[in-house]
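Working notes, beginning with the structure itself.
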Amino acid sequence: MTTTLPPAPTTLAAPPASEAEAPLLSVEGLTVDFYTRRGLVHAVRGVSFSLGKGAALGLVGESGCGKSVTSQAIMGLIHLPGEITGGDISWKGRSLLGPAAAAYRRQVCGGEIAIVFQDPMTSLDPLFSIGRQIGEVLVRHKGMEPAKARVRALELLDLVRINAPERRFRQLPHALSGGMRQRALIAMALASEPELLIADEPTTALDVTVQAQILDLLIDLRQRLGLAVLMITHDLGVVARLCQQVAVMYAGTVVERDRADAVLLRPAHPYARGLLRSTPALETRLDRLLTIDGQPPDLRRPPQGCAFLPRCARGTDSCRTRPPLGPKPGGTGGRVACWHPVTEPETVPAAASPAGGSAAVRPDPLVAVEGLTVHFPAGRDGLFGPRRVVQAVDGVSFTVRAGETLGLVGESGSGKTTTGRAILRRAPITRGDVRYRGQSITTLTGEPLRRLRRDMQLIFQDPYASLNPRMTVFDIVAEPLIVHGLAPDRRALRDQVVDLLALVGLPADAVTRHPHAFSGGQRQRIGIARALTLEPAFIVADEPVSALDVSIRAQVVNLMQDLQARLGLTYLFIAHDLAVVRHIADRVAIMYAGQIVELGDRDRVYADPRHPYTETLLAAVPPVDPRAEIRPTRPGEVPSPLAPPPGCRFASRCPLVTEQCRAAPPSLSPRADGHLLACWHR
Amino acid sequence: MSRFVVHRLWQGVIVVFCVVVVVFVLTRLIGDPVRVMLPLEATADQRALFEAQLGLDRPIWEQFLVFVGDAVALDFGDSLWQRRPAMEIIAERLPATLILTFSAIGLAVVVAVPLGILAALKPEGLFDRVVVLVSLIGLSVPQFWLGLLFIVLFAVQLGWLPTSGRGGVEHVILPALTLAIPAMTRIIMVVRSTMMDELNRQYVKTLRAKGLLEWQVVGVHALRNAAVPVLTLCGWELIRALSGYTVVVETVFAWPGLGLTAIQAIERQDLILLQAIVFVTAIIVVAVNLILDIVYKAIDPRIELKAA
């Protein structure tokens, strides 16, 4: 597959008015409002772009920028309380809006334009077979007889490379993995033979190796079927991989529109540049991530002028009037909505300093894990069948040195979260030993365990779900002290909470407010403050930034690094995002199907991955740089934790596999310079 | 599927057996059936004779075996009150109860499901608000009062329908309506809220994006997903009505059903008849649940045995 970025056809950049043929899709000045209890939200505020036949446009932005709403408006999916209040959307030169276009809309939306949504786990009707759900589209849009539809549905399942299509055809969605479901949803979208496929964050809910497979599939389908693609995503790597054109959205408007390579290499809008800079790269490491300060504006009261002004370093008085989407300097034919566009080329920030990382790593292990095994009962197979066991973690050993950050990386189901919870004694330990400061804590109970909990804290993934919405920030942050009977009198406690909030960069007046008054990034700061209340030495951070937007993510990562330096904290940083881990961790452990396959110094692991799974994982991350070489992806998915294979767990996906791998599991053993590896062939 | 049915059937048999045991324990071991059933002034000889008639002088295990045998043969002996086989009385009264409950719950479902769906299509819309308001009124009105109101209005004032008793179709209408209205309002509320939940789910967005027609999205996909909780409630309404909660309606309309008979059996201290009624009711409840379980499985094939 030739997937290097082709030179963008100039017709896509700005279709000349003289061209007889209208663009496939054209969006002009689209505005969408939502009526909510808290006021009118101006979600989309004048968005314009067009898309030619067979083109691939990336609509990029952070959550709340209006990119998904725009796609739903195109699909005719905006219903009250949402409303399209202005502008036009036309398909092949004919408007899709208004009651007069109802018949045209029914023919086009779902027929000539199809969409794939973000979350494959919830996007399929759980009670109808995959085949039936694909067949429906064929009957509706192609007028097929059910028997013919069946044949065609099987072809479609084959087209999206689903194995054993006959079996999948009959199955209900719950029998399929996330990646398989997304393939089925793509097959469903392709059933009506659309000319435009809208992909709304199609890989965001998927693991990175599965994401790479789905991206490959989309690229392949585009080439084979001449499909135009509108890719909606926050992931610049995905855009670099798939799109020739990019429109960057911010606060309901398009702020920059250009060829993909021009946006990714020479962004002109300060926001686009900030977004690019705050995205941690897999290839290089900075001591400190660059961030965009502040937060996006409240779209109930959108600013009169440039929406980015409060966060922009280049702002002047002229920015108080809204900049139009005018020609972009640089001769790429792009457009930018900025009074002071950035013209100097993006300089690659200084490369990693060799001594980067936590300042004060002491060699003594703070936490030592030996042969940790966590099995969960999973009921019986049938009424009288054998008991089943989920082997979530199976014989994991590592140490975390005082003052360091150990990154624990793996895909969903790898057991990384369970490992973190077991170390904190929040998941039952089936076998193995966890030692803290040299003392075994595996069997601690009662008061000693309570005392230990002061020393070991947890930062959770989802800042929206992990804070009690009925408690004030003061109660949330002070609660650990009260629970442990360490609370001083009310006044001193208040001072202590205010100090903690200041430590994580929140104002003192936050104490009286409830979590809903804060954005995701601020909530995560509250969660961090709560974890710090008891002055712990060791913190397990379980995907602490994966629910956050890119620019906010960088702020939180920087905060965690600052806190480590100031307070001498030790982190076990659990994540699936390899770039973030490269940035924050000193050493990295790669987990696969309940076991550690590779453990070593961060730069060693990233520069010279030894385990085939680590290689697969690293190759699967789409690079943001459009000039980067595309590495081949590997098929396959994680084995079921109910019945892991007897030998190496990666054997089913490994290019190096031999009989030995299938027969016996390799153990994690030291190689040169202390690098640990579990592989028979490396 | 057949394994599923056999398993559920087997569970039903166990439940019925448990009911038999409980009834036996309650009547023979905890109370003294002879004292309950005979007048206080009965002599010792009369008591002994009565005990022998009922077999109460035999060892307890033998009594139990006889009782189980009677239950299997559906023969609990003669009612003390009416001096004829208890099952004969039940056979007379049961059809009346079945006709009343099935017409009432049937009516409730037929009216409530479309209303609930229509209300869910536009939450907070005018139709939705009216349906919710009327449902709340229907839910709050006491059943006996509703029955009396209907009698006054339709039977006395307008003279369209008979006031009470059993006869042709015209006799069923008022009691069935009285029984149906509270059930209907409960079903409307559940259909409305589950359908609202389902219509907000992501898969519905996918279905709409596929360009399916609205009736397919709502009537085929969302309705099937909403069906299990709705059916649970409908089953509960049916079981409730069949197991004697109809007694208020039966009293108001002098409807000779099983609920009224059960009350009469209690008043007359007729343990034999009461045992028979409890046993038959248990069988009906188990049968309804069995049918419901099979329907659940047909709606949602993901339901497995171990959920029991």
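Each chain gets a letter, A, B and so on, in the order its sequence line appears, and its residues count up from 1. Keep in mind it's a predicted model, so treat the numbers as computed, not measured.
Note that CG of B/L207 and CZ of A/F128 are 8.5 Å apart. Values are rounded to the nearest 0.5 Å. In this structure, CG in A/L127 is found 11.0 Å from CG in B/L223, a value given to the nearest 0.5 Å. Taking CZ from B/R208 and NE2 from A/H79, the interatomic distance works out to 5.0 Å, rounded to the nearest 0.5 Å. Expressed to the nearest 0.5 Å, how far OH of B/Y203 lies from CZ of A/F117 amounts to 14.0 Å.
Contact of A/P194 with chain B is not made at all, since no heavy-atom distance falls under 4.5 Å. A/L185 touches chain B through its side chain: at least one heavy atom from C-beta onward sits under 4.5 Å away, while N, CA, C and O do not. With a threshold of 4.5 angstrom between heavy atoms, A/Q133 approaches chain B through its backbone and through its side chain. Of the two parts of B/V220, the backbone and the side chain both hold a non-hydrogen atom closer than 4.5 Å to a non-hydrogen atom of chain A. The contact between A/L124 and chain B is made entirely by backbone atoms, counting heavy-atom distances below 4.5 Å. Neither the backbone nor the side chain of A/S192 comes within less than 4.5 Å of any heavy atom in chain B.
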Trace of the side chain to side chain contact (heavy atoms under 4.5 Å, CB included) decision for A/R140 with B/L213: CA-CA 9 Å; A/R140 166 80 181 80; B/L213 304 173; 3.8 Å; yes

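Heavy atoms of other residues, nucleotides or ligands lying less than 6.0 angstrom from OH of B/Y245 number 12 at most. No more than 12 heavy atoms of other residues, nucleotides or ligands lie within 6.0 Å of CZ in B/F17, so this atom counts as exposed by the packing criterion. A/E145 CD: 12 or fewer foreign heavy atoms inside a 6.0 Å radius. Environment of NZ in A/K142: crowded, with over 12 heavy atoms of neighbouring residues, nucleotides or ligands closer than 6.0 Å.
For chain B, the option among A/G110, A/A175, A/G76, A/C109 with the highest count of heavy-atom pairs below 4.5 Å is A/G110. Taking chain B as the reference chain and counting heavy-atom pairs below 4.5 Å, the highest number among A/A191, A/P173, A/S123 is found for A/S123. The residue among B/H221, B/K205, B/E124 with the most heavy atom pairs within less than 4.5 Å of chain A is B/H221.
At distances below 3.5 Å, not a single donor-acceptor pair connects side-chain atoms of B/R302 with backbone N or O atoms of A/H174. Of the possible polar contacts, none joining the A/T122 side chain to the B/Q202 backbone as a donor-acceptor pair under 3.5 Å is found.
When side chains are defined from C-beta on, B/R201 does not count as touching A/D125, because their heavy atoms never get closer than 4.5 Å. B/K210 has its side chain out of reach of A/H141: every pair of non-hydrogen atoms, C-beta onward, lies at least 4.5 Å apart.
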